[in-house]
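Reviewing the structure listed below.
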Amino acid sequence: MALAGVRVIELAGLAPAPFCGMILADFGAKVIRVDHTKTGMSLDTQARGKRSVAINLKTSEGVSLLKKLCLQSDVVLEPYRKGVMEKLGLGPQEFLKENPRLIYARLTGYGQSGSYASAAGHDINYLAMSGLLSRLGRSGEKPYAPLNLIADFAGGGLSCALGIVLALLERERSGRGQVIDASMVEGAAYVGSFAWKSQSIGIWDRPRGENLLDSGAPFYDTYQTSDGKYVAVGAIEPQFYTQLLKGLDLDPGSLPPQMSFADWPELRRIFTERFASKSQEDWSQVFDGTDACVTPVLSFQQVSSHPHNQERNSFLTDSNGEESPRPAPVLSRTPAEPSLSANPFIGEHTVEVLNEFGFKSEEIEQLMTLGVVKGDAIKAKL
Ligand SMILES: C[C@H](CCC[C@@H](C)[C@H]1CC[C@H]2[C@@H]3[C@H](O)C[C@@H]4C[C@H](O)CC[C@]4(C)[C@H]3C[C@H](O)[C@]12C)C(=O)SCCNC(=O)CCNC(=O)[C@H](O)C(C)(C)COP(=O)(O)OP(=O)(O)OC[C@H]1O[C@@H](n2cnc3c(N)ncnc32)[C@H](O)[C@@H]1OP(=O)(O)O
């Protein structure tokens with residue numbers, strides 16, 4: 001796999017850093033998640049392929065232990081509020097002096113500087129601060145955050161993974177690591193570059209929800225079908241729009257022009273009425289195999305059994321029988337090989353990992369007795 005041989009220490013976080021760690025693990029990195037010893041159950045649902053070590057960082061022994069692990073690793077991924085790692089004596093300067101090859105990734109909402117740097121926040125706040133939230137939502141309605149996808153995952157976890165991969169690539173040339181300051185506000189804004197940089201071409205000039213790609217245009221929207229399901233329509237270009245009208249059995253001559261903003265409400269009324277006359281499945285039969293850009297809005301229950309997704313094995317089933325998306329993109333020679341095993345429980349691999357990093361059984365036992373680490377001693381046959 002592409003990241004084979006890369007060792008990552010991920011400090012347990014809420015959602016974006018776990019996703020970042022999962023991406024790295026899916027593509028072959030050895031990811032060790034550092035959990036609190038006092039947490040009973042991990043809430044990390046993005047733990048595929050990771051191992052868990054539980055260390056109490058509120059002890060000096062715990063801090064020294066984590067330092068040892070980091071100094072023998074390629075990447076540290078930390079998701080805490082600005083200053084938390086420094087307070088523990090685990091800031092990047094300490095590490096980079098001793099391990100100049102280390103890549104130290106800091107995934108936060110507001111970044112490591114600026115007046116909001118230390119403030120708590122979540123996806124919706126970062127999205128708001130990126131400017132993007134002001135553009136999301138239907139006409140006449142308040143701004144709407146589409147799950148926590150944009151800031152937490154696209155602008156956060158995924159961007160941070162890109163930063164780590166770039167730093168690993170650069171390290172091949174320079175032999176040196178670096179610090180990555182991944183701010184979800186900036187990551188989200190960057191993901192939104194198209195919206196920023198295409199303002200000059202006039203596709204965002206109207207209020208929120210009244211433009212070409214923000215649900216304003218009737219040919220770029222969703223419609224309810226007779227069975228209560230939905231279809232998605234993305235027939236922007238004239239040649240595809242023609243196919244849409246053909247599938248809907250509408251005479252172009254009887255309709256207003258496609259790009260007449262003033263007529264969009266009337267066009268939407270006509271499309272709404274037409275789509276409501278058949279079921280989702282019926283519309284798939286009409287539009288599959290055409291270039292009308294009409295697809296069913298699949299539910300999580302439907303998605304893996306759709307023929308296209310089945311043909312590409314786009315979803316996988318883990319050992320608990322749970323379905324989830326397979327890693328993307330697909331690399332031709334070194335594709336991801338996601339683990340299908342159950343997520344690790346807290347401290348499941350404490351002994352295994354500490355052994356791997358050169359700790360002797362007596363030392364591990366001592367650390368457990370002192371409450372510095374937590375793990376399953378019996379299972380590990382100490
Ligand atoms: C919208 C998303 C978030 C979605 C997550 C949800 C899925 C979950 C969020 C809440 C969960 C529910 C809740 O927990 C209650 C129930 C619990 C139950 O068990 C299950 C059901 C629940 C309903 C549960 C269900 C779900 O799991 C939830 C709904 C996001 O936007 S995520 C993005 C958030 N932002 C960031 O990540 C930006 C960077 N981070 C931060 O700004 C802060 O970390 C943050 C997120 C604001 C949290 O601040 P906080 O004050 O809590 O922490 P920090 O200041 O960062 O400090 C960390 C302290 O922890 C110490 N520490 C770290 N590791 C260790 C260790 N191994 N040992 C000991 N101590 C450790 C560290 O030293 C810090 O201590 P100090 O404060 O003393 O310095």
Side-chain angles (χ1 to χ4, degrees), residues 9-22 32-47 50-70 76-91 105-130 132-133 144-161 180-188 343-350 353-354 367-368 370-375:
I9 303 291
E10 173 196 323
L11 281 301
L14 274 184
F19 179 53
C20 178
M22 187 178 84
I32 297 165
R33 189 185 67 211
V34 177
D35 287 307
H36 287 240
T37 48
K38 300 209 167 103
T39 310
M41 197 187 73
S42 172
L43 296 176
D44 180 4
T45 57
Q46 318 286 293
K50 298 178 193 172
R51 291 184 292 169
S52 162
V53 170
I55 306 177
N56 184 353
L57 294 177
K58 289 289 161 61
T59 62
S60 57
E61 296 92 337
V63 169
S64 314
L65 170 57
L66 181 61
K67 266 189 193 154
K68 282 191 189 145
L69 303 190
C70 295
V76 171
L77 170 58
E78 73 94 355
Y80 300 127
R81 204 192 291 256
K82 176 183 180 279
V84 165
M85 290 298 272
E86 280 78 358
K87 250 194 309 182
L88 292 169
L90 293 168
R106 323 197 74 172
L107 179 47
T108 61
Y110 300 110
Q112 298 296 319
S113 56
S115 51
Y116 277 24
S118 302
H122 290 102
D123 171 274
I124 195 166
N125 308 112
Y126 313 140
L127 189 60
M129 286 291 291
S130 76
L132 285 183
L133 186 53
Y144 167 78
L147 305 181
N148 56 334
L149 295 175
I150 300 179
D152 274 359
F153 298 110
L158 188 59
S159 298
C160 189
I180 298 171
D181 178 1
S183 137
M184 290 187 245
V185 173
E186 291 165 5
N343 287 343
F345 57 80
I346 289 188
E348 181 172 351
H349 304 98
T350 300
V353 168
L354 294 194
L367 288 168
M368 281 198 183
L370 292 173
V372 174
V373 298
K374 191 174 93 175

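Ligands are counted one by one from 1 in listed order, and the atoms in each one are counted from 1 as well.
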| message | I'd like to know if the side chain of S159 reaches the main chain of A154, judged simply by a donor and an acceptor atom lying under 3.5 Å from each other, with no hydrogens or angles considered. | response | yes
| request: Take atom 26 (C) of ligand 1 and look for protein heavy atoms under 4.0 Å from it; say yes if you find one, no if not. | output: no
| request: Over all heavy atoms of both residues, which pair between P344 and E348 is shortest? Give the atoms and the distance, please. | output: CA-OE1, 3.1 Å
| query | So, does K38 sit close enough to ligand 1 that a heavy atom of it is under 4.0 Å from the ligand? | reply | no
| Which heavy-atom pair separates K50 from M22 by the least distance, and what is that distance? | CE-N, 3.5 Å
| atom 20 (C) of ligand 1 touched by protein (heavy atom, under 4.0 Å) | yes
| query | Quick one: does Y126 get a heavy atom under 4.0 Å from ligand 1? | reply | yes
| query | With a 4.0 Å cut-off, strictly under, does atom 39 (C) of ligand 1 pick up any protein heavy atom? | reply | yes
| query | Can you tell me which residue and heavy atom of the protein come closest to atom 72 (C) of ligand 1, and the distance to 0.1 Å? | reply | V84 CG1, 3.5 Å
| field | Least distance between heavy atoms, A17 atom then P79 atom | value | CB-CB, 3.6 Å
| Are the side chain of Y110 and the backbone N or O of A119 linked by a donor-acceptor pair below 3.5 Å? | no
| task | Report yes if some N/O of I55 lies less than 3.5 Å from some N/O of ligand 1; otherwise report no. | result | yes
| field | Least distance between heavy atoms, A151 atom then L127 atom | value | CB-N, 4.1 Å
| query | At a 4.0 Å threshold, what atoms of ligand 1 neighbour a non-hydrogen atom of P16? | reply | 32 (S), 33 (C)
| Non-hydrogen protein atom less than 4.0 angstrom from atom 12 (C) of ligand 1 | no
| task | Tell me, please: is G121 in heavy-atom contact with ligand 1, that is, under 4.0 Å? | result | yes
| So which protein heavy atom does atom 17 (C) of ligand 1 come closest to, and at what separation? | L43 CD1, 4.4 Å
| Ion pair check, E10 and R33, cut-off under 4.0 Å | no
| message | Strictly distance-based, threshold 3.5 Å: is any side-chain N or O of D123 a donor or acceptor partner for the main-chain N or O of D152? | response | yes
| task | Around atom 8 (C) of ligand 1, find the nearest protein heavy atom and jot down its residue, atom name and distance. | result | L14 CD2, 4.4 Å
| task | Please identify which atoms of ligand 1 are closer than 4.0 Å to at least one heavy atom of K87. | result | 76 (P), 79 (O)
| request: Below 4.0 angstrom from a heavy atom of A120, which ligand 1 atoms are there? Numbered from 1 as shown, please. | output: 47 (C)
| message | Testing V373, N56, T59 one by one against L367 for a side-chain contact (heavy atoms from CB on, under 4.5 Å), which residue passes? | response | V373
| said: Between S52 (side chain only) and G347 (backbone N and O only), is there a donor and an acceptor less than 3.5 Å apart? | reply: yes
| task | Considering heavy atoms of the protein only, find what lies nearest to atom 4 (C) of ligand 1 and give residue, atom and distance to 0.1 Å. | result | N148 ND2, 4.5 Å
| Hey, is atom 53 (O) of ligand 1 under 4.0 Å from any protein heavy atom? | no
| query | Protein heavy-atom contact under 4.0 Å for atom 69 (C) of ligand 1? | reply | yes
| said: The test is side chain to side chain contact (heavy atoms under 4.5 Å, CB included); show your working for F153 and L158 and say whether it passes. | reply: CA-CA 6 Å; F153 298 110; L158 188 59; over 6 Å; no
| task | Would you mind listing which atoms of ligand 1 come within a distance below 4.0 Å of any non-hydrogen atom of D35? | result | 67 (N)
| request: Report yes if the side chains of S42 and N343 come closer than 4.5 Å at any heavy-atom pair, otherwise no. | output: no
| task | Might you point out which heavy atoms bring C160 and L77 nearest each other, and give the distance in Å? | result | SG-CD1, 3.9 Å
| message | Taking distance alone, with N or O pairs closer than 3.5 Å, would you say H122 contacts ligand 1? | response | no
| query | So which heavy atom in the protein is nearest atom 50 (P) of ligand 1, and how far is it from that ligand atom? | reply | R81 NH2, 3.6 Å
| said: Using a 4.0 Å cut-off to any heavy atom of M184, which atoms of ligand 1 qualify? | reply: 36 (C), 37 (O), 38 (C)
| query | Measuring to protein heavy atoms, does anything land under 4.0 Å from atom 58 (C) of ligand 1? | reply | yes
| task | Could you tell me the residue and atom name of the protein heavy atom closest to atom 75 (O) of ligand 1, and the distance to it rounded to 0.1 Å? | result | K58 NZ, 3.1 Å
| Counting only N and O atoms by type, is there a donor-acceptor contact under 3.5 Å from the side chain of Y80 to the main-chain atoms of L107? | no
| message | Please report whether ligand 1 has a polar contact with H36, defined as an N or O pair separated by less than 3.5 Å (distance criterion only). | response | yes
| Who gets closest to atom 30 (C) of ligand 1 by heavy atom: V63, D44, D152? | D152
| Check: P79 N/O within less than 3.5 Å of ligand 1 N/O | yes
| side chain to side chain contact (heavy atoms under 4.5 Å, CB included) evaluation trace for D44 with D35 | CA-CA 10 Å; D44 180 4; D35 287 307; over 6 Å; no
| Between A54 and ligand 1, which part of the residue brings a heavy atom under 4.0 Å of the ligand: side chain, backbone, both or neither? | neither
| said: Can you check atom 65 (C) of ligand 1: any protein non-hydrogen atom closer than 4.0 Å? | reply: yes
| query | Taking distance alone, with no angle check, do A119 and ligand 1 share an N/O pair under 3.5 Å? | reply | no
| message | My understanding is that we take every heavy atom of each candidate and find the minimum distance to atom 63 (C) of ligand 1. Doing that for Y80, Y110, F153, which one comes out nearest? | response | Y80
| query | If every non-hydrogen atom of T350 is compared with every non-hydrogen atom of K374, which pair is closest and at what distance? | reply | OG1-O, 2.6 Å
| message | Are S118 and K82 packed together at the side-chain level, in the sense that at least one heavy-atom pair is separated by less than 4.5 angstrom? | response | yes
